[in-house]
Amino acid sequence: MMHSSASKLAMLQAHLGYILEAALLEEMADVAKIRETVTDEIVVHVGDQLQMIPIVMEGSIKISRENESGDELLLYYMEGGDTCAMSLQCCTRKIDSQIKATSMEPSLLLMFPSENMERWLDHYKSWRQFILNSYHSRMIELMESIDAIAFMNLDQRLLKYLSDQAKILGSLEINHTHQQVADDLHSSRVVISRLLKQLETKGEIKLLRNKIILKNF
């Protein structure tokens, strides 16, 4: 699907018009590139050289850390109007990506050249505030992830994870395999399958093939 500058401007106004001034939004619409993704598509790999920074317009993106063995640790999510603070950091410092970004569902992103984003920091106070707010929000989410790992039992983390997924996707049906859940929680499939079965026995979820259905958020 083709998107005109006008349609990109409308999306930006809907998500960021409350914080960014009109002149900046028009500049953003002029330089933005569209990227549309499908579910489970990898948007950014660890080690990528980042030239473009995304802002999510539709859908949701999972940000995770990945080691050399391919093991993942969930860090936070990006939704409508969000940008990735860690990608911004990599761009401004001219270093390779330290994170992996994966679409949780079909998503639409506006991609901005890194040099424009740096210039906007100098010219627009509202852009600086938006970036600072993004850093703050991602930091709070990272702290919540650390707290969950440090202070929650795995069964509590699992239930929180499922509830967070349902809220982000807007559905009680989560189309994840047990292995996907295990990867996000940095655990083993066998352990996660056992805990999911326990939750099903308690009546909190229902398990189907490659699908987990919550009884409530």
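- Grouping the Ile, Leu, Val, Met, Phe, Trp and Tyr side chains by contacts below 4.5 angstrom, directly or via other members, places Leu208 apart from Leu214.
- To the nearest 0.5 Å, the span separating CG on Leu199 from CG on Leu162 amounts to 7.0 Å.
- No continuous path of ILVMFWY side-chain contacts below 4.5 Å connects Val46 to Leu73, so the two sit in separate hydrophobic clusters.
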Run Glu141 and Tyr77 through side chain to side chain donor-acceptor pair (under 3.5 Å) and show every step you take.
CA-CA 8 Å; Glu141 290 167 348; Tyr77 301 102; over 6 Å; no
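- No donor-acceptor distance shorter than 3.5 angstrom exists from the side chain of Ser103 to the backbone of Pro106, with no hydrogens or angles considered.
- Nearest approach of Gly81 to His15, heavy atoms of both residues: N-ND1, 3.8 Å.
- Ion pairing between Glu79 and Lys167 fails under the 4.0 Å rule for side-chain N and carboxylate O.
- With salt bridges taken as basic N to acidic carboxylate O contacts below 4.0 Å, one links Lys211 and Glu173.
- The shortest non-hydrogen separation linking Lys215 to Gly203 is CG-O, 3.1 Å.
- Heavy-atom minimum distance, Leu172 versus Ala166: CA-CB, 4.5 Å.
- A pairwise comparison of heavy atoms in Asp122 and Arg128 identifies O-NH1, 3.9 Å as the closest pair.
- Side chains of Ser64 and Glu72: a donor-acceptor N/O pair is present below 3.5 angstrom, by distance only.
- Between Met78 and Leu109 there is no side-chain heavy-atom pair separated by less than 4.5 Å.
- Here Lys94 pairs with Glu118 in a salt bridge; the nearest charged N to carboxylate O distance falls below 4.0 Å.
- Using cut-offs of 30° and 60° on the angle between ring planes, the pair Phe112 and Trp120 is perpendicular.
- Heavy-atom minimum distance, Tyr161 versus His176: OH-CD2, 3.2 Å.
- Using a 4.0 Å cut-off between charged nitrogen and carboxylate oxygen, Lys8 and Asp30 do not count as a salt-bridge pair.
- Residue Ile213 is not grouped with residue Leu158 when hydrophobic side chains (ILVMFWY) are merged at heavy-atom distances under 4.5 angstrom, including chains of intermediate members.
- Surrounding CE of Met152 are more than 12 heavy atoms belonging to other residues, nucleotides or ligands, all under 6.0 Å away.
- Lys100 and Glu66 are joined by a salt bridge, as a carboxylate oxygen and a charged side-chain nitrogen come within less than 4.0 angstrom of each other.
- Across every non-hydrogen atom of Gln98 and Arg65, the tightest pair is O-NH1, 2.6 Å.
- Both Ile19 and Trp127 sit in one connected hydrophobic cluster of ILVMFWY residues. Membership requires side-chain heavy atoms under 4.5 Å apart, directly or through other members.
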Checking side chain to side chain donor-acceptor pair (under 3.5 Å) for the pair Gln180/Asp184: CA distance, chi angles, key distance, verdict?
CA-CA 6 Å; Gln180 285 175 295; Asp184 282 347; over 6 Å; no
